[in-house]
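Comments concern the structure below.
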Amino acid sequence: MKALLVCEYREGKLLDSTYELLAFADRLGAEKAMFLIGSDSALPACSTTVYLADAAKHGEYNPDVHKKLVLDAAQRENADCIVFVHSSYGWDLAPRVAAALRAGQVSEIVGIVDGGYEVGCCNAKMRRTVVPKSGKAVLTIQAGAFSSSDTPQGTPRVERIDTADGASPMEFVGYEPAEKKDVDLTRAEVIVSAGRGVGKKDNIPTIEALAKALGGELGASRPVVDAGWVDHSHQVGTTGQSVSPKLYVACGISGAIQHLAGMKKSDFVVAINKDKDAPIGEVADVLVVADVMQFVPALTAKLQ
Amino acid sequence: MKILVCVKQVPDMESRFKPDGSGTWFEEADLAFRMNEYDEYAVEQAVQLKEQLGNEPEVTVLSIGPDRVNEAIKKALAMGCDRGAHIQDPAPQGKDPWQIASIITQFAQGEGFDLIFTGMQSQDRGSAQVGVLVAELLGFACATTLVGFAYADGVITAKRELEGGIKGIAKLRLPAVVTCQLGLNIPRYPTLPNIMKAKKKEILAIPVADLLKEEAVASTARFYPPARKGGGIVLEGDVGNLVEQLYGILKEKTTVLR
Ligand SMILES: Cc1cc2nc3c(=O)[nH]c(=O)nc-3n(C[C@H](O)[C@H](O)[C@H](O)COP(=O)(O)OP(=O)(O)OC[C@H]3O[C@@H](n4cnc5c(N)ncnc54)[C@H](O)[C@@H]3O)c2cc1C
Ligand SMILES: Nc1ncnc2c1ncn2[C@@H]1O[C@H](COP(=O)(O)O)[C@@H](O)[C@H]1O
């Protein structure tokens with residue numbers, strides 16, 4: 001099996017997720033070639049072929065053109081599968097490539113199982129084994145699911161690719177930086193986070209009181225931030241902050257992958273959830289099955 | 001302008017899931033269904049655009065599934081969509097994203113939509129494919145994961161969400177497909193008068209066989225709960241006892257209690 005691994009490049013840098021693609025291909029036992037729309041000054045450390053197109057010419061986000069370049073490399077390599085990271089770049093580009101090849105796509109792979117790929121479903125509460133039925137397959141891997149302990153090394157063999165066809169009904173305007181963080185959760189020893197299970201904005205002070213009683217900071221899941229209950233600077237997760245406190249208390253948080261990505265390095269995790277099956281249970285050292293608005297005030301009172 | 005919004009009906013994610021008889025999907029009995037969360041942002045954005053353009057655009061809401069999906073269609077109509085299209089399919093879970101996208105495409109081709117809104121992903125399947133596939137099949141421009149949407153003179157300014165809170169801004173010419181992400185807007189609640197008005201709106205009923213022309217390119221072999229990584233303690237029971245137990249554990253296992 002031959003795999004074409006699509007690297008990511010943003011604001012002039014090669015993203016580290018590149019090495020997760022290599023780890024996945026190794027787990028798959030596939031022959032590897034890489035694909036990068038980037039620059040000579042930021043090549044991956046590996047000893048495979050890298051199909052390199054110039055980001056200065058083709059842009060960092062220009063999916064109609066990037067699709068053509070990926071298809072060109074896939075054809076030259078005669079790849080059996082084309083692998084992306086399930087990221088804002090990968091989930092945007094992968095289906096375009098799949099459509100062009102009429103190939104089956106398996107999204108957000110977390111594991112390789114007999115005859116297929118394991119993916120999460122039902123908000124990560126369940127799993128599916130998915131099997132592509134087409135000759136070629138397009139795969140996206142979950143960020144963080146595959147990693148290698150080896151330090152990446154080697155010098156790739158560069159094959160240049162280019163296209164004169166830059167037509168696209170889309171124009172990339174530029175990046176907007178992340179909002180300023182006025183709370184630095186990365187330094188907090190204790191974080192008590194509020195999730196949607198807290199119920200309403202009026203209940204946030206109750207969660208904050210527990211954070212105070214533990215000498216920590218208030219964190220939040222994304223829906224709580226989107227609803228305006230808590231400021232964005234408190235958000236934990238892939239689009240918020242990545243934290244590693246001594247104690248993380250998740251109050252009414254289901255444990256979606258994007259939230260876990262931001263807090264799973266915590267030393268000790270306590271989850272308070274009325275649903276015993278909530279996926280947060282997979283990373284929690286203690287799962288307290290209770291109504292958060294009954295349990296949290298009682299715990300705060302005990303601590304005071 | 002003609003606008004299409006695609007909505008999927010999914011189970012409430014706080015439900016308990018167990019495999020059905022086939023072992024490839026969940027057992028539906030006892031589950032409560034609702035509109036896929038991401039699709040609520042899609043409906044809201046479509047209705048906001050209609051209002052921005054002086055109610056000129058016609059907004060059609062489409063859903064593929066068994067009769068129960070009419071509830072999701074009716075909710076979208078009560079939020080302000082003009083007409084519904086129920087693609088009748090007793091077993092949409094057996095179709096892969098490619099087939100779902102091809103069904104939507106078949107319907108769209110006959111209608112001549114200028115703009116299509118979908119969710120960025122469905123909460124139950126989570127493939128994040130259908131919207132982009134529809135765009136490719138129709139040859140439309142497409143941007144995914146929108147947290148900002150503005151429209152003027154045939155051009156959409158899309159704010160895409162990237163990792164780490166960075167945004168990417170892109171301009172797309174119509175015809176286009178956009179996929180909607182959490183935080184794009186705050187979906188309105190249908191008011192009682194609008195729920196009443198929605199009852200009079202047309203819902204087309206089209207058998208899926210009329211629109212399905214494609215074979216599946218992927219299939220689900222098995223549906224199962226994740227292996228528990230174990231190690232974690234589960235505490236249940238009376239709140240007072242739970243507090244005592246957790247306090248004891250925190251004292252023993254962490255250094256945060258002084
Ligand atoms: C590209 C992308 C990026 C994202 N980035 C982030 C991110 O950075 N951070 C983030 O958090 N999310 C992020 N998300 C969203 C993520 O997928 C989830 O939607 C989100 O984390 C869910 O938040 P939640 O757990 O608070 O809410 P829900 O998933 O709705 O869970 C609520 C939980 O509360 C429990 N509950 C309900 N009532 C009670 C009660 N009375 N007592 C106790 N428990 C109760 C329920 O059982 C449930 O488990 C992102 C999503 C995408 C697609
Ligand atoms: N059965 C369906 N009926 C209507 N729209 C759907 C259906 N399945 C998926 N979609 C749309 O496609 C989006 C992405 O779904 P998915 O590719 O399954 O993650 C959803 O948010 C919906 O907008």
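Every chain is numbered from 1, with letters handed out A, B, ... down the list of sequences. The structure displayed is predicted, hence computed values, not measured ones.
Put simply, of A:Q294, A:Q235, A:E171, the one with the most heavy-atom pairs under 4.5 Å next to chain B is A:E171. Your options are A:G174, A:P132, A:G281, A:A298, and the one with the most heavy-atom pairs under 4.5 Å with chain B is A:G174. Listed options A:S134, A:C122, A:P169, A:S87 were ranked by heavy-atom pairs under 4.5 angstrom with chain B; first place goes to A:C122. In terms of heavy-atom pairs under 4.5 angstrom with chain A, the leader among B:A216, B:A221, B:P175, B:A158 is B:A221. Contact count versus chain A (heavy atoms, under 4.5 Å) is highest, among B:G240, B:S219, B:A170, for B:S219. Taking A:K67, A:H86, A:E108, A:R102 one by one and counting their heavy-atom pairs under 4.5 Å with chain B, the maximum is reached by A:R102. When each of A:P95, A:P223, A:P177 is checked for heavy-atom pairs under 4.5 Å with chain B, A:P95 comes out on top. Per-residue heavy-atom pair counts under 4.5 Å with chain B were compared for A:V131, A:V113, A:N62, A:V130, and the maximum is reached by A:V131. Counting heavy-atom pairs closer than 4.5 Å to chain A, the top-ranked of the candidates B:I249, B:I186, B:L246 is B:L246.
Looking at every heavy atom in both residues, A:D226 comes nearest to B:G183 through OD2-N, 3.4 Å. Annotation for A:F172 and B:G168: closest pair CE1-CA, 4.0 Å, computed over non-hydrogen atoms. Listed here is the closest heavy atom pair of A:S168 and B:R173: O-NH2, 3.8 Å. Between A:M126 and B:P225, the shortest heavy-atom contact is CE-N, 3.6 Å. Between A:S107 and B:G126, the closest heavy-atom pair is CB-O, 4.4 Å. B:R160 and A:S88 get closest at one heavy-atom pair: NH2-O, 2.6 Å.
Proximity to chain A (any heavy atom under 4.5 Å) is restricted, for B:E214, to the side chain, taken from C-beta onward. Only the side chain of A:Y61 comes within less than 4.5 Å of a heavy atom in chain B; its backbone stays farther off. Heavy atoms closer than 4.5 Å to chain A are found in both the backbone and the side chain of B:A143. Contact annotation for A:E11: only side-chain heavy atoms (C-beta onward) come within less than 4.5 Å of a heavy atom of chain B. Contacts of B:T157 with chain A are absent, with no heavy-atom separation under 4.5 Å from either backbone or side chain. B:V155 does not touch chain A: none of its heavy atoms, backbone or side chain, sits under 4.5 Å away. With a 4.5 Å cut-off on non-hydrogen atoms, A:A103 touches chain B through its backbone but not through its side chain. Residue contact with chain B, scored on non-hydrogen atoms closer than 4.5 Å, involves the side chain of A:R222 exclusively. Interface residue A:A278: only backbone heavy atoms are found under 4.5 Å from chain B.
Distance CZ/B:R16 to CG/A:D275: 7.5 Å, rounded to 0.5 Å. We find the CZ-OH distance between A:R127 and B:Y224 to be 7.5 Å, quoted to the nearest 0.5 Å. Atom CZ of B:R222 and atom CG of A:D114 lie 10.0 Å apart (nearest 0.5 Å). Put simply, CD on B:E236 and CG on A:L287 are 8.0 Å apart, with the number rounded to the nearest 0.5 Å. The CD1 atom of A:I272 lies 10.0 Å from the CG atom of B:L242; values are rounded to the nearest 0.5 Å. Remark: A:L214 CG to B:L257 CG distance equals 6.5 Å, nearest 0.5 Å.
B:D12 CG: more than 12 foreign heavy atoms inside a 6.0 Å radius. Heavy atoms from other residues, nucleotides or ligands lying under 6.0 Å from NZ of B:K2 number more than 12. Surrounding CG of B:D20 are more than 12 heavy atoms belonging to other residues, nucleotides or ligands, all under 6.0 Å away.
The closest donor-acceptor contact from the side chain of A:K276 to the backbone of B:V234 lies at 3.5 Å or more, if one exists at all. The main-chain N or O of A:V173 is never found under 3.5 Å from a side-chain atom of B:K171 such that the two would form a donor-acceptor pair. Looking only at distances, no side-chain donor or acceptor of A:R10 sits under 3.5 Å from a matching main-chain atom of B:L162. Judged by distance alone, with hydrogens and angles left aside, the side-chain atoms of A:Q105 form no donor-acceptor pair with the main-chain N or O of B:Q129 at under 3.5 Å.
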Step by step, work out the side-chain contact (heavy atoms from CB on, under 4.5 Å) result for B:L250 and A:V270.
CA-CA 9 Å; B:L250 291 179; A:V270 173; 4.0 Å; yes
Does the pair A:K133 and B:E215 meet the rule for a salt bridge (charged side-chain N to carboxylate O under 4.0 Å, His left out), with working shown?
CA-CA 10 Å; A:K133 289 164 80 179; B:E215 302 269 316; over 6 Å; no
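Residues B:K253 and A:D285 fail the side-chain proximity criterion, which asks for heavy atoms closer than 4.5 Å. Contact check for B:T145 versus A:W91: side-chain heavy atoms found under the 4.5 Å cut-off. Residues A:V190 and B:T254 fail the side-chain proximity criterion, which asks for heavy atoms closer than 4.5 Å. Looking at heavy atoms from C-beta onward, B:V256 lies out of side-chain contact with A:F268 at the 4.5 angstrom threshold.
Annotation: cation-pi pair A:K302/B:Y247 present, NZ/CZ under 6.0 Å from the ring centroid and within 45° of its normal.
One finds a salt bridge joining A:R196 and B:E37 here, because a Lys/Arg side-chain nitrogen approaches an Asp/Glu carboxylate oxygen to under 4.0 Å.
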